[in-house]
Amino acid sequence: MQPKFTNKMSVQLSEQEIVRRESLAKLRALGINPYPANLFPVTALTNEVFQNFEEGKEVVMAGRMMSQRIMGKASFAELKDAGGRIQVYINRDEICLGDDKTLYNEVFKKLLDIGDFIGVKGTLFTTQVGEKSIKAKELTVLSKSLRPLPIVKIDDSGKIHDAFADPEQRYRQRYVDLVVNDNVKKVFLTRSKVISTMREFFNSKGYLEVETPILQPIPGGAAARPFITHHNALDIPLYLRIANELYLKRLIVGGFDGVYEFAKDFRNEGMDRTHNPEFTVMEIYVAYKDYNWMMDFTEEMIERVAIAIHGKPECRVGENTISFARPFKRISMTDAIKEHTGFDISGKTESELFEWCKNNEIEVEESMGKGKLIDEIFGEKCEKKYIQPTFITDYPKEMSPLCKEHRTNPELTERFELMINGKEIANAYSELNDPIDQRERFEEQLRLSEKGDDEAMFIDQDFLRALEYGMPPTSGMGIGIDRLVMLMTNQSSIQEVLFFPQMKPEKKQVELSDAEKIILSTLQANNPLELNTLKTMVGLSGKQWDSGMKGLSKHGLVKVEVNGDTKMCVLK
RNA sequence: GACCUGGUAGCUCAGCCGGUAGAGCAUUUCACUUUUAAUGAAAGGGUCCCGGGUUCGAAUCCCGGCCAGGUCACCA
């Protein structure tokens with residue numbers, strides 16, 4: 001009956017986990033179900049209690065016990081529920097009315113731990129020190145926690161002690177992060193409010209929230225590397241969408257005047273503090289509008305969001321105070337470059353642009369076309385300068401294959417990006433609705449792709465067919481929700497605004513090392529063996545022998561029995 | 001992808017000119033009826049990230065790897 005080395009077998013419980021499992025068993029032995037099935041009739045949340053504090057009022061509350069301060073026959077515990085934290089006063093003789101004091105002495109003092117869910121029925125009162133609390137009359141075990149929670153404490157001066165702060169652990173175990181770090185929850189409440197504010201704004205205008213495919217046969221609407229998957233029944237490849245633009249425009253063709261979608265998009269590219277492989281984008285398309293109208297609309301939307309979050313159209317982001325009050329500055333890309341470099345790109349040839357870049361410390365490659373070069377100049381010399389919300393308008397044509405040609409300059413498009421805090425937040429067009437022009441632009445992309453640009457767009461024939469039926473003049477706008485939330489919550493990494501950011505898989509380990517395997521197999525052939533004999537037989541280095549033996553006894557596989565001077569190594 | 005920094009108890013961290021691992025909180029036991037980072041006393045608790053090397057001896061030194069964070073590049 002040798003134990004098999006599966007991952008399950010080698011799980012080592014810490015002392016504290018063992019203690020908690022024992023407490024669990026003792027609770028059951030006392031006739032207390034640590035995981036009761038029946039509902040618990042909660043009457044109040046912490047924030048409601050504090051907002052409307054009525055001395056002596058009877059309440060029933062439930063939550064996680066976050067601390068215990070035991071002083072003989074009286075104790076204080078901290079209860080954390082969805083509305084916050086409240087102190088519970090527990091007096092032995094008030095929760096144990098008869099002679100049997102087990103509930104207090106055993107259950108509360110010994111068998112309950114920090115992290116357990118409990119229910120309390122009692123009355124509201126204020127302690128001598130002035131803290132609003134509940135005086136418990138009944139205590140109910142609602143769910144036992146088997147793992148110790150990190151104990152984060154805050155002292156009188158507000159200083160945090162023993163913070164659970166390691167980003168890796170916080171992201172991998174977000175549930176612990178949320179329980180233990182109260183401020184983390186606020187970020188996600190704000191995230192939800194950003195989205196609901198936008199949704200209410202769109203709905204008030206009569207635009208329709210829609211859903212479009214995530215699995216797409218052709219990943220269109222952006223230049224990015226997609227994730228690819230396979231549909232078994234159809235036996236075809238499918239892509240996870242990189243944008244939803246082309247589907248939303250099909251709906252405009254179909255006759256909706258305004259459609260929007262909060263969409264998860266997926267891009268198979270690098271990960272860092274501003275990129276997660278899946279991220280949220282809101283795209284909206286409104287018929288009979290142009291990009292000038294869309295700038296007004298975007299401004300109003302952003303201002304509303306800022307006011308909803310901060311109560312005023314202003315917030316601090318890092319070192320900067322950003323004002324979201326309308327109107328935002330508007331400047332063409334040409335003027336922006338002129339303003340920051342003195343260089344006038346209008347009418348310049350590709351080689352003139354190329355030369356200028358080389359002379360101004362911008363890294364360029366021979367393969368770059370005019371559009372790409374202009375984009376490099378802007379990105380390198382201008383982008384970071386726009387801290388306050390600014391619309392950059394009229395981008396070069398070859399960078400924007402889905403955007404309508406500018407009404408007065410055929411080299412440009414009717415496109416704007418909204419820059420805030422030196423970063424792009426939103427991107428919008430007067431949408432290209434000329435199907436013949438669109439087909440030519442796609443074919444240009446195809447040529448780029450053949451030249452080796454792995455991000456050039458595919459030709460979506462069905463989308464072209466839709467345009468050929470006719471799409472009204474339309475303006476569309478896309479906004480990165482994660483980055484907007486980062487702005488509104490003053491976070492500098494995207495991981496902080498995603499509940500579960502993508503992480504490398506946790507490595508599963510706990511296989512036997514080679515040294516352990518050798519020792520074990522030798523011992524299995526000759527059980528038991530004298531320790532030094534075994535050491536000689538396995539022929540390992542001192543260190544390998546030592547760590548191998550340590551490991552095996554740790555796994556509970558071998559035991560060394562000492563009898564006087566002889567040490568016998570025995571298989572367990 | 002490059003460079004820098006880090007990985008030691010449940011949590012936060014110290015130890016590191018190589019000599020068998022420490023603190024605070026948490027846990028266990030005891031005392032204590034309004035405390036609040038409760039307090040006082042005692043105890044237990046570690047694959048010092050993994051693998052290899054140097055060495056009589058490695059948490060510590062060297063090499064390789066894994067993971068994370070940061071900076072930059074790339075991409076959008």
Side-chain angles (χ1 to χ4, degrees), chain A residues 10 12-20 22-23 66-78 85 87-94 104 109-110 113-115 125-131 133 135 145-172 176 180 222-225 242-243 265 267-275 279 281 363 375 379 399 417 423-424 427 454-455 478 480 483 492-493 495 503-507 509-516 541-544 546-555:
Chain A
S10 42
Q12 297 287 326
L13 292 180
S14 72
E15 182 206 21
Q16 293 190 47
E17 289 173 304
I18 293 165
V19 167
R20 284 173 180 235
E22 285 168 1
S23 299
M66 297 304 285
S67 70
Q68 260 182 321
R69 291 186 290 280
I70 297 172
M71 287 153 295
K73 284 179 251 177
S75 298
F76 290 92
E78 199 180 10
R85 296 173 184 236
Q87 178 173 268
V88 184
Y89 172 68
I90 297 173
N91 182 297
R92 185 190 70 188
D93 299 322
E94 292 192 49
Y104 183 78
K109 279 173 65 174
K110 294 186 181 167
D113 294 290
I114 289 167
F125 82 115
T126 307
T127 65
Q128 288 175 3
V129 202
E131 177 148 348
S133 311
K135 187 180 292 184
S145 162
L146 295 181
R147 279 178 190 264
L149 221 46
I151 311 289
V152 180
K153 289 186 172 176
I154 301 172
D155 65 20
D156 290 339
S157 58
K159 196 178 172 201
I160 297 172
H161 298 263
D162 300 328
F164 181 68
D166 176 26
E168 180 182 2
Q169 287 196 73
R170 288 184 47 232
Y171 303 152
R172 285 197 197 280
V176 175
V180 149
R225 275 193 296 270
I242 55 175
D265 287 349
R267 297 188 184 176
N268 206 342
E269 293 170 346
M271 289 161 54
D272 58 34
R273 72 181 190 293
T274 55
H275 297 80
F279 58 102
V281 165
E363 278 184 48
D375 189 49
M399 299 185 56
E417 288 194 353
K423 294 186 189 79
E424 174 205 334
N427 181 23
D454 58 354
E455 287 180 341
R483 291 185 185 177
S492 57
S493 76
Q495 285 87 350
M503 305 281 281
K504 286 194 191 177
E506 277 185 89
K507 56 177 174 180
Q509 39 166 24
V510 203
E511 275 207 11
L512 286 189
S513 70
D514 289 344
E516 288 168 349
S541 75
K543 181 172 178 171
Q544 288 174 322
D546 186 57
S547 68
M549 282 302 291
K550 266 190 204 161
L552 287 171
S553 52
K554 184 82 189 172
H555 291 311

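Every chain is numbered from 1 and lettered A, B, ... according to where its sequence line falls, protein lines coming before strand lines.
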Quiz prompt | Distance, P atom - from B:G45 to B:G40, rounded to whole angstrom | solution = 24 Å
Practice problem: Using the closest heavy atom to pick a nucleotide of RNA chain B for each, name whichever of A:S67 or A:P150 lands nearer the 5' end. | Solution: A:P150
Exercise. To the nearest 0.5 angstrom, please state how far the CD atom of A:E424 sits from the CZ atom of A:R483.
Key: 7.0 Å
Quiz item: Ignoring hydrogens and angles, does a donor from either the side chain of A:E15 or the base of B:G45 sit under 3.5 Å from an acceptor on the other?
Solution: no
Quiz item: Is A:F279 touching bases, backbone alone, or none of the nucleic acid, heavy atoms closer than 4.0 Å?
Solution: nothing
Practice problem: Applying side chain to side chain contact (heavy atoms under 4.5 Å, CB included), run through A:E168 and A:M503 and close with a yes or a no. | Solution: CA-CA 9 Å; A:E168 180 182 2; A:M503 305 281 281; 4.0 Å; yes
Quiz item: Does atom CZ of A:R273 have more than 12 heavy-atom neighbours, drawn from other residues, nucleotides or ligands, at distances under 6.0 Å?
Solution: no
Self-check item: Distance, C1' atom - from B:G22 to B:A9, rounded to whole angstrom
Solution: 10 Å
Practice problem: Tell whether A:D166 reaches the base of B:G7 with its side chain through a donor-acceptor pair below 3.5 angstrom. | Solution: no
Self-check item: Short side-chain N/O contact to B:U27 OP1/OP2 from A:K110, under 4.0 Å
Solution: no
Quiz item: With sugar-phosphate meaning primed atoms plus P, OP1 and OP2, does A:R92 contact a base, only sugar-phosphate, or nothing at under 4.0 Å between heavy atoms?
Solution: nothing
Self-check item: Pair assignment for B:U27, Watson-Crick or G-U wobble, requiring both distances under 3.5 Å
Solution: B:A43
Practice problem: Side chain of A:K504 only, please: which of B:G10, B:U33, B:C67 is the nearest? | Solution: B:C67
Practice problem: Name the pairing partner of B:A68, where a pair is Watson-Crick or G-U wobble with both distances under 3.5 Å, or state none. | Solution: B:U5
Quiz prompt | Pairing nucleotide - B:U34, Watson-Crick or G-U, each distance under 3.5 Å | solution = none
Exercise. Run the numbers on A:H161 and A:D155 for side chain to side chain contact (heavy atoms under 4.5 Å, CB included), then give the verdict.
Key: CA-CA 8 Å; A:H161 298 263; A:D155 65 20; 2.8 Å; yes
Quiz item: Mind checking the P distance from B:G52 to B:G6? Whole angstroms is fine.
Solution: 24 Å
Quiz item: Taking atom P in both B:C56 and B:C4, what distance in whole Å separates the two?
Solution: 32 Å
Self-check item: P-based separation of B:A14 from B:U5 [nearest Å]
Solution: 15 Å
Practice problem: Please report, rounded to the nearest Å, how far the C1' atom of B:C72 is from the CE atom of A:M271. | Solution: 18 Å
Exercise. Quickly work out the A:I90 CD1 to B:U36 P distance and round it to whole Å.
Key: 17 Å
Practice problem: Pick the P atom in B:A58 and in B:G1, then give their distance to the nearest Å. | Solution: 34 Å
Exercise. Identify whether any heavy atom of A:Q169 sits under 4.0 Å from a base atom; if not, whether one sits that close to sugar-phosphate; answer base, sugar-phosphate or nothing.
Key: sugar-phosphate
Quiz item: Which whole number of Å gives the distance between the C1' atom of B:C48 and that of B:C61?
Solution: 16 Å
Practice problem: Take atom P in B:C49 and the same atom in B:C11, then report the distance between them in whole Å. | Solution: 13 Å
Quiz item: For A:E17 and B:A26, what is the distance between atoms CD and P respectively, to the nearest whole Å?
Solution: 18 Å
Quiz item: With sugar-phosphate meaning primed atoms plus P, OP1 and OP2, does A:L149 contact a base, only sugar-phosphate, or nothing at under 4.0 Å between heavy atoms?
Solution: nothing
Quiz item: How many Å lie between CD1 on A:I114 and P on B:C11, as a whole number?
Solution: 15 Å
Quiz item: Can you list the steps and then say if A:V176 with A:R147 is a side chain to side chain contact (heavy atoms under 4.5 Å, CB included)?
Solution: CA-CA 11 Å; A:V176 175; A:R147 279 178 190 264; over 6 Å; no
Self-check item: Watson-Crick or G-U wobble partner of B:C13, both distances under 3.5 Å
Solution: B:G22
Practice problem: With heavy atoms under 4.0 Å as the rule, sort A:R85 into base, sugar-phosphate or nothing. | Solution: nothing
Exercise. Starting from P on B:G69, measure out to CZ on A:F164 and report it in whole angstrom.
Key: 13 Å
Quiz item: A:R273 has an atom CZ; how far is it from atom P of B:A73, in whole Å?
Solution: 10 Å
Exercise. Select from A:S492 and A:A163 the residue whose nearest nucleotide in RNA chain B is closer to the 5' end of that strand.
Key: A:A163
Self-check item: Candidate nucleotides B:A68, B:C32, B:G10, ranked by approach to the side chain of A:P148 - the nearest
Solution: B:G10
Quiz item: Partner of B:A73 by Watson-Crick or G-U wobble geometry, both contacts under 3.5 Å, or none?
Solution: none
Exercise. Could you tell me the separation between the CG atom of A:D156 and the P atom of B:U35, rounded to a whole number of Å?
Key: 13 Å
Quiz item: How long is the gap from CE on A:M66 to NZ on A:K153, to the nearest 0.5 Å?
Solution: 11.5 Å
Practice problem: Could you tell me whether A:V19 contacts a base, only the sugar-phosphate backbone, or nothing, with contacts defined as non-hydrogen atoms closer than 4.0 Å? | Solution: sugar-phosphate
Practice problem: Drop me the distance from A:Q16's CD to A:L149's CG, to the nearest 0.5 angstrom. | Solution: 11.0 Å
Quiz item: OP1 or OP2 of B:A38 sitting under 4.0 Å from any side-chain N/O of A:R69?
Solution: yes
Practice problem: Among the candidates B:G69, B:U27, B:A68, find the nucleotide nearest to the side-chain atoms of A:E168. | Solution: B:A68
Quiz prompt | Whole-Å gap separating C1' (B:C11) and CE (A:M66) | solution = 12 Å
Quiz prompt | Check: B:U35 base within 3.5 Å donor-acceptor of A:Q87 side chain | solution = yes
Quiz prompt | Assigned partner base of B:U54, Watson-Crick or wobble definition, under 3.5 Å | solution = none
Quiz item: Of all the choices, B:A37, B:U33, B:C25, which nucleotide is nearest to the side chain of A:D162 once you look at every atom?
Solution: B:C25
Quiz item: Rounded to the nearest 0.5 Å, what separation is found between the CE atom of A:M271 and the NZ atom of A:K504?
Solution: 8.5 Å
Quiz item: Counting just side-chain N and O atoms, does A:K153 come under 4.0 Å of either OP1 or OP2 of B:A38?
Solution: yes
